[in-house]
Protein chains: 2
Amino acid sequence: MAIGRPSSSSSQTPDPGAARRTSRARGIPEATVARLPLYLRALTALSERSVPTVSSEELAAAAGVNSAKLRKDFSYLGSYGTRGVGYDVEYLVYQISRELGLTQDWPVVIVGIGNLGHALANYGGFASRGFRVAALLDADPNVVGTAAAGLPVRHMDELEAIVAAQHVSIGVITTPPGAAQQVCDRLVEAGVTSILNFAPTVLTVPDGVDVRKVDLSIELQILAFHEQRKAGDEPAAGDSVLDRAPGPVRAAAAKLRRAAGGGKAAEQAKSAPTGKGPEDDLSAVMPA
Amino acid sequence: MAIGRPSSSSSQTPDPGAARRTSRARGIPEATVARLPLYLRALTALSERSVPTVSSEELAAAAGVNSAKLRKDFSYLGSYGTRGVGYDVEYLVYQISRELGLTQDWPVVIVGIGNLGHALANYGGFASRGFRVAALLDADPNVVGTAAAGLPVRHMDELEAIVAAQHVSIGVITTPPGAAQQVCDRLVEAGVTSILNFAPTVLTVPDGVDVRKVDLSIELQILAFHEQRKAGDEPAAGDSVLDRAPGPVRAAAAKLRRAAGGGKAAEQAKSAPTGKGPEDDLSAVMPA
DNA sequence: TAGATTGTTAATCGATTAACAATC
DNA sequence: TAGATTGTTAATCGATTAACAATC
């Protein structure tokens, strides 16, 4: 009954404490930190339109949150508003930028230059927020040497030198899932302490390294869950009556299935789209 | 002090209630729904290795969560385990797939075929979970007619016909931010009721339409926040002593700045990387 | 001053976690 | 039976929200 890699040290999702404690040290809840970029984006748009001040109600609407939450969030940063008036747009842009660490330069490396790596390399929203692409890296000799977003793709072998020379602390992984842990290990070994992982893999990292994950398919699955419930409250086709039977009946059915060494449920599982196949193979998208 | 579009109806982030209530109707908390895809992925890997059963401890490690949370999550689905033994892998794959609605076919349209649209069109993780790309759409005549992932890119004008003919209920927006709301409106008008938005824009949709958002830059900003705190607990450069002064002093300083019509803080904000510039312009990434 | 809006309080709600009885 | 592991309970924690006093 062995499974894959034991979680020898901390991995991404299971240490909500690490990140939480870090921010709690300055008293800013993680949920608030996650919303600061939304506020910053809305404020930047106002700034570009030369709007001098904005109320919590207006800014909340622009950011897509409710105003009580916004005021609560801002209260963790300090008292930056003026009662009866609102918030000074420019000042708030600066304070939030500073709080998020965006007033400094953050060199990042992107590893795995497939379509997604390309998309990220070209993403204007990075550069405008202090993130600078220090290097694009790939293991594939056919990709190395090509250009993406005006930068040459360099070989993975140069990783350590680049990280050291440019003081890179943030790495972005856009490799196929099979290469992700290995790439992660090398990034960490080279000195990277924050990783943004686009590969559908659970990464294991030492304490002190933060991993965040963006999963292109999970959001779609969550949408499907809710969509299914809109259509009429019935479960999907291919359903067995047993699946909705009371607990004890279900448990007995499960036992029978196991005893039969597969049987009905296993057949259903195999006919389901999630059964087998090249799961999560992003090689077409993400050469490494 | 006017800001952009008033939130005439519900928009994505501010209605945590809508999605929550939908799932609560069947008793499954939203946080649990969001983890089901993680469990499914781990289980699928076990299934491919022909592992027959798995304990909550092992599966939790593979999915990157703690085992108490996993058992609690599974308890909302029913009693699918066997005490002393664990969970039947194939059966659980099927049950979670069914719960997420992945045992049925979900045709999706992708609008905006830049690098990111390409990456998504090629993403193997979609097809293997019941998501079928019904059409790729773009407004740019130079893009229309080219091929991506073996499919022809079709013109936006065909949107309504495609959605109707193929019963598309899920749309993916990978356009530049300026086009996103307009595209969203057309999707909704055509009958789409779930939207996955990659454009850095707050979308406004009518009740009954779900929007989820994937933001390529927000995760990086959250990492920067934590990274900044690792370096030593000092705020970034460009800092004023006033910024860390007690509340009343800060408030007074803010008032002075406003009275002076900008002054020090505004200058700092302008020199900060988030000040001005082509914010969120993904046109290089996402032609529409 | 009167009106407007912030910052904070307190109640509520949902999520997490450890512990353990139930039971295979 | 003895060992293993689930499913559930209850405590704790963090996040959300409405309401309103403070105050511009």
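Computed over heavy atoms, backbone and side chain alike; hydrogens, waters and symmetry mates excluded. Being a predicted model, the structure only gives us computed values, none of them experimental. Here is the naming used below: chain letters follow the sequence lines, and residue numbers restart at 1 for every chain.
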Can you tell me how far the CD atom of B/Q221 sits from the CG atom of A/L38, to the nearest 0.5 Å?
-> 9.0 Å

Report the nucleotide, chosen from C/dT17, C/dA15, D/dT6, that has the shortest atom-to-atom distance to any side-chain atom of B/S55.
-> D/dT6

For C/dA22, does OP1 or OP2 lie under 4.0 Å from any side-chain N or O of B/R71?
-> no

To the nearest 0.5 angstrom, please state how far the CD1 atom of B/I195 sits from the CD atom of A/E219.
-> 14.0 Å

Go through C/dT8, D/dT8, D/dA15 for me and flag the one nearest to the B/S75 side chain.
-> D/dT8

With no angle test and no hydrogens, is the base of D/dT23 tied to the side chain of A/R83 by a donor-acceptor pair under 3.5 Å?
-> no

Within the side chain of A/R229, is there an N or O that forms a donor-acceptor pair under 3.5 Å with the backbone of A/F225?
-> yes

Does B/S56 have a side-chain nitrogen or oxygen under 4.0 Å from the phosphate oxygens OP1 or OP2 of D/dT5?
-> no

Ignoring backbone atoms, establish whether A/Y87 has a side-chain N or O less than 4.0 Å from OP1 or OP2 of C/dG7.
-> yes

Determine which bases of DNA chain C form Watson-Crick or G-U wobble pairs with both distances under 3.5 Å, and write the result as a 5' to 3' dot-bracket string with | for other-strand partners.
-> ..||||||||||||||||||||||

Would A/Y80 and A/Y91 count as a close aromatic pair, with their ring centres under 6.0 Å?
-> yes

Nearest-nucleotide 5' precedence on DNA chain C, A/K72 against A/G84 = A/G84

Can you list every ring pair (Phe, Tyr, Trp, His ring centres under 6.0 Å) pair that touches residues 199-218 of chain A, not counting sequence neighbours?
-> none

Distance (rounded to the nearest 0.5 Å) between A/I218 CD1 and B/R212 CZ = 10.0 Å

Would you indicate what A/A68 reaches in the nucleic acid, counting non-hydrogen atoms under 4.0 angstrom: base, sugar-phosphate, or nothing?
-> base

